Amino acid sequence: MERWTKEHEARILEQTRAGGFTVDWSRYRYTLDAASVRATREAFVRLYRAGLIYRGERMVNWDPRLRTAISDLEVLHSEEDAELVYVRYPWADGTPGGIEVATVRPETIFGDVAVAVHPDDERYRSLIGRTVRVPMTDRTAPVIGDPLVDPTFGAGALKVTPRHDPVDREIGLRHPELPTPVEIFDDRARLTGAWVPSDLHGLDRPTARARTIERLTQDGVLLRREPHRHSVGRSERSDEVVEPRLSTQWFVRMPPLAEPVVAAVRAGAIRIHPDRWNPTFFRWMEGLQDWCISRQVLWGHPIPVEHCRTCGHVEVDLAPAERCSQCGSRDLTPDPDVLDAWFTSWLWPFAILGWPEATADLDRFYPTQLLVTGRDIMFFWVARMMMAGYYFTGKPPFTDVYFTGTVRDERGRKMSKHLGNSPDPLDLIRERGADALRFSLVFPNPTDEDGPYGRTALDGGRNFLTKLWNVVRFAGPYVPTGDRAPPVPELTDAAALEHRWILARYRRTAEEVDAAISAFAPTRAASALHAFLWHDVADRYVELSKEALSGRLGEPAQRDARATLAFVLERSLRLLHPIVPHVTEELWHALPHPEGLLATAPWPSADEAPADPEAELAMEPVLEAIRLLRNVRAEEGIAADATPRGWIRPSNSEVLEVLETARGAIVRLAKLGALELLPADAAAPAGAGSRIAPFGECYLELPGRSAGPSAALVREREMLAALLAKTDGRLADAGFRARAPPEVVAEAEAKARELRERIRRIDEHMSGTASPGAAA
RNA sequence: GGGCUCGUAGUCCAGCGGUUAAGACGUCGCUCUCACACAGCGAAGAUCGCCGGUUCGAAUCCGGCCGAGCCCA
């Protein structure tokens, strides 16, 4: 047992280290170390003295393979196919006939003490009080009335086996006149005891069921059998069908512990994220059953109780008693059971800080802030920690809980040992790196939902990090060196829009990351950084500024580009660092940076970069023009190495001005031979491929042929026409004009105008009658 | 049996009263262009599960139905 523990401990620690978790290793703790033993014992004694722990005979979930009681939470219910067996219980006085009983568990007939019917059931009311003979036995049993019986199930009559079914137990308790039931199963759920014929002793449940059916058939009391699907409870650990069994166990009284927790969550003292789990949480908390904390297993904290063999007194104290406090006897025997492991775990948030001592750690770090854990242990652990927190310390153990979903395989199945579809994180780390693994867990699928995980996600993470690596590698030779973090660039060349634009985009990204983290939405933060670094920085900004970086545009332009690139990359690495610590740390050292580690560098404040909506807006026509010209290239099948001439006719002078400054970039990125910017009243170039955008028109020379009617243009016109019809429809609606807010109406009117204009321009092109000055 | 949650392109998922419904993966073209083919460029692909209601206006709010998942008994 020791060895097994050590091996698994080592493996978990290795996974934690390899995964790059930032952990205070000096506070490493184990649930069975001396301090945990002390805290566990203290908790038990306090609850016992407060009357919140009791020992009692209750119906518990018994795992016959592990031979221990388990808690309700450890039982997994699922629908399984079974057989409903109809059996006649003959009248004890020998009158022909009898009463028909349906059961899925004929092997428990030996434990019957009664047959119960619903007191209002017309079919059976007159039979209440008569006596039947229990099949296969010499015993008799009365027919009783009890409202717990479901008259619609089976034949409407229920066999009552109080030691082996919770409902039957309840009925038994309500009918004290019934004989005391005898147990018919041993701790392995094999038939045993005085009520079972000796030749059946020792049979397990499936065998017993088969033999019972045979015997009932021989006896002529088996009426019929029909297939029946019902819910079966299995032990989470052994997968064995749980046997309800009446036994003496230790329990914690839950309702008094739950009350302050429900109040705290309702009042917002503890917040659950995402908050859609609140209903589930409350529903469970408000219907709590007492917690069975004793286990009949080898490994665990012993129950800190001794029983006096002389007088039966129970000793419960912080230290084992020498003698019985009641009768003075020295003949004390320890309780044979151990505690449910969760009984130690639920103390964890304060036990690790030294509780029950009033330590400095406890004072400083408790309550803690955030618990991140899997939703599957919401009840086992999280809710119980809250209860223990309030009960033992009067405070919440944490102020926020973030529930992650369960990772599934790529086919959407739960990962399980049985299916063999759960990869070892160490293998994934060896294969693709710890950061690829980390990134793929937050992107693209939300961390708080059950999502598929596999090759695709992992490779996606690896690809993104490769991209990041390459961008920094590209930037390396250009960025200035230095021993401080790049400052916010002071741009000298005001006309170079791309720098202003990327800084504005950076600011938006940083704001989104901050907002996402505050909202406990790590996936949103990762998405924002992914989109920014890959598409804005790598695909657009780097391409746009290559010319300036090279120095071909002169020294001031180069300086602006270098400073901006350095700033954007350095800050982005800081924002990305919590998600992918290893790669960002490494790359950070390739950029200008202060002494020390990225891990300890301060979190960048989003507002150091200027918000610049004008730059963002102005950049749109540039990027759009490049896209449209490339689109014509691709659609018209222009050779990759061809450099056709291009024209843009902007619809107003501001756009013209912006495009003028970006002319070089457009030429390069659209691979043009030359780009001419046409005045609004110029004629459209003849025979060129064209695209109509809100900001103006783009033309591309089609070498060696004339442009046919463009399919893309036709599609575009259809789309715009449909949109215009929709918008016009809205505007024609008197209700819309009367009731919608004026700004919405104005927006719709502006949209209709713009659409009409664009359609007109498309029509001109398609009829080949584009005329100068018509756009005014 | 009860409850909760979720149904949006082939897949995963964002949006949660007024945008040409965002993105990622996959698919289809073109390209090994001096950071990156683990890539670049371009494109196609969604009547937002179904029916009804509220509203000038619904993917978004309400009700019902169907389907899936989870939790509890």
Side-chain angles (χ1 to χ4, degrees), chain A residues 72-73 75-77 150 153 166-167 230-231 233 274 276-284 287-289 375-376 378-379 405-406 408 410-412 414 432 436 443-446 449-478 521 523-524 526-528 530-531 534-535 538-539 542-543 546 550 626-641 668-671 694 712 715-716 719-720 722-724 726-727 729-741 743-745 747-748 751 755 758:
Chain A
D72 293 340
L73 287 177
V75 180
L76 303 178
H77 296 268
D150 174 6
F153 183 82
V167 173
H230 70 145
S231 178
R276 67 188 138 92
W277 292 107
N278 278 328
T280 307
F281 179 81
F282 285 128
R283 210 187 121 65
W284 187 72
L288 271 185
Q289 301 290 307
R375 208 176 51 235
D376 47 336
M378 183 192 296
F379 304 130
T406 309
R408 293 166 176 275
E410 276 178 316
R411 291 160 59 184
K414 259 190 182 167
R432 294 286 191 246
F443 181 88
N445 288 322
E449 254 172 61
D450 296 0
Y453 187 83
R455 274 266 85 72
T456 314
L458 188 63
D459 284 347
R462 187 266 317 253
N463 294 354
F464 173 61
L465 294 172
T466 306
K467 190 74 191 179
L468 185 66
W469 183 271
N470 277 305
V471 172
V472 176
R473 194 156 72 104
F474 166 80
Y478 296 114
T523 301
R524 244 173 67 199
S527 303
H530 178 270
W534 199 317
H535 299 122
D539 291 348
V542 163
E543 295 305 328
K546 267 180 178 169
S550 74
I626 293 168
R627 193 182 69 80
L628 291 173
L629 290 166
R630 283 170 166 175
N631 182 314
V632 178
R633 281 191 83 102
E635 298 272 300
E636 300 293 340
I638 292 177
D641 55 357
R668 232 165 2 92
L669 298 190
K671 283 196 87 173
R715 251 184 286 125
E716 171 98 351
M719 198 267 287
L720 293 176
L723 200 57
L724 177 62
K726 206 171 110 186
T727 310
R730 269 206 300 164
L731 286 168
D733 183 344
F736 174 68
R737 288 190 175 277
R739 303 208 184 201
E743 63 270 21
V744 174
V745 177
E747 213 176 284
K751 189 160 94 177
L755 288 169
R758 272 170 76 191

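Since we're looking at a predicted model, the values are computed, not measured. Lettering follows sequence order; numbering is per chain, from 1.
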| query | Expressed in whole Å, how much space separates the P atoms belonging to B/rA22 and B/rA14? | reply | 15 Å
| said: Under a 3.5 Å cut-off for both contacts, is B/rG63 paired Watson-Crick or G-U wobble with anything, and if yes, with which nucleotide? | reply: B/rC51
| Complement of B/rC28, any strand, by Watson-Crick or G-U distances under 3.5 angstrom | B/rG42
| query | Does A/Y478 have A/K546 sitting over its ring (NZ/CZ under 6.0 Å from centre, angle to axis within 45°)? | reply | no
| said: I need the CZ-C1' distance between A/R730 and B/rC56, as an integer number of Å. | reply: 10 Å
| said: Once you apply a heavy-atom cut-off of 4.0 Å, does A/P446 come out as touching a base, just sugar-phosphate, or nothing? | reply: sugar-phosphate
| query | Should the pair A/E543-A/R668 be classified as a salt bridge under the 4.0 Å nitrogen-to-oxygen rule? | reply | no
| P atom, B/rU47 versus B/rC56: distance in rounded Å? | 28 Å
| query | Given that both distances must come in under 3.5 Å, which nucleotide forms a Watson-Crick or G-U wobble pair with B/rU33? | reply | none
| Watson-Crick/G-U partner (both atom distances under 3.5 Å) of B/rG1 | B/rC72
| Under 4.0 angstrom, heavy atoms only, what part of the nucleic acid is A/R758 near: base, sugar-phosphate, or nothing? | base
| Once each nucleotide of nucleotides 31-43 of chain B is scored for protein heavy atoms under 4.0 Å, what B/S/- sequence comes out, 5' to 3'? | S---BB-BSSSSS
| said: Mind checking if A/L288 touches a base, just sugar-phosphate, or nothing, with heavy atoms under 4.0 Å? | reply: nothing
| message | Can you tell me the base-pairing partner of B/rC13? Count Watson-Crick or G-U wobble geometry only, both distances below 3.5 Å, and say none if there is no partner. | response | none
| note | With the side chain defined as heavy atoms from C-beta on, A/F736 is closest, among B/rC72, B/rA24, B/rC56, to B/rC56
| Quick one: on RNA chain B, does A/V744 or A/R737 contact a more 5' nucleotide (nearest heavy atom)? | A/V744
| field | Span that lies between the C1' atom of B/rU19 and that of B/rA39, in whole angstrom | value | 32 Å
| Touch check for A/A740, heavy atoms < 4.0 angstrom, all strands: base, sugar-phosphate only, or nothing? | base
| If you look at every heavy atom in A/L731 and A/R737, which pair is closest and at what distance? | O-NE, 2.8 Å
| message | Work out how far the P atom of B/rC32 is from that of B/rC38, and round it to whole angstrom. | response | 16 Å
| request: May I ask you to test the A/D459-A/F464 pair for a side-chain heavy-atom distance under 4.5 Å? | output: no
| query | Quick check: does any side chain N or O of A/R630 sit under 3.5 Å from a backbone N or O of A/L669, one acting as donor and the other as acceptor? | reply | yes
| query | What's the CZ-C1' distance between A/R375 and B/rC71, to the nearest Å? | reply | 10 Å
Can you name the atoms? Protein N/O to nucleotides 1-11 of chain B N/O, anything below 3.5 Å, with the distance.
from: B/rG3; atom 1: O2'; to: A/R283; atom 2: NE; distance (Å): 3.4
from: B/rC4; atom 1: O2'; to: A/T280; atom 2: OG1; distance (Å): 3.3

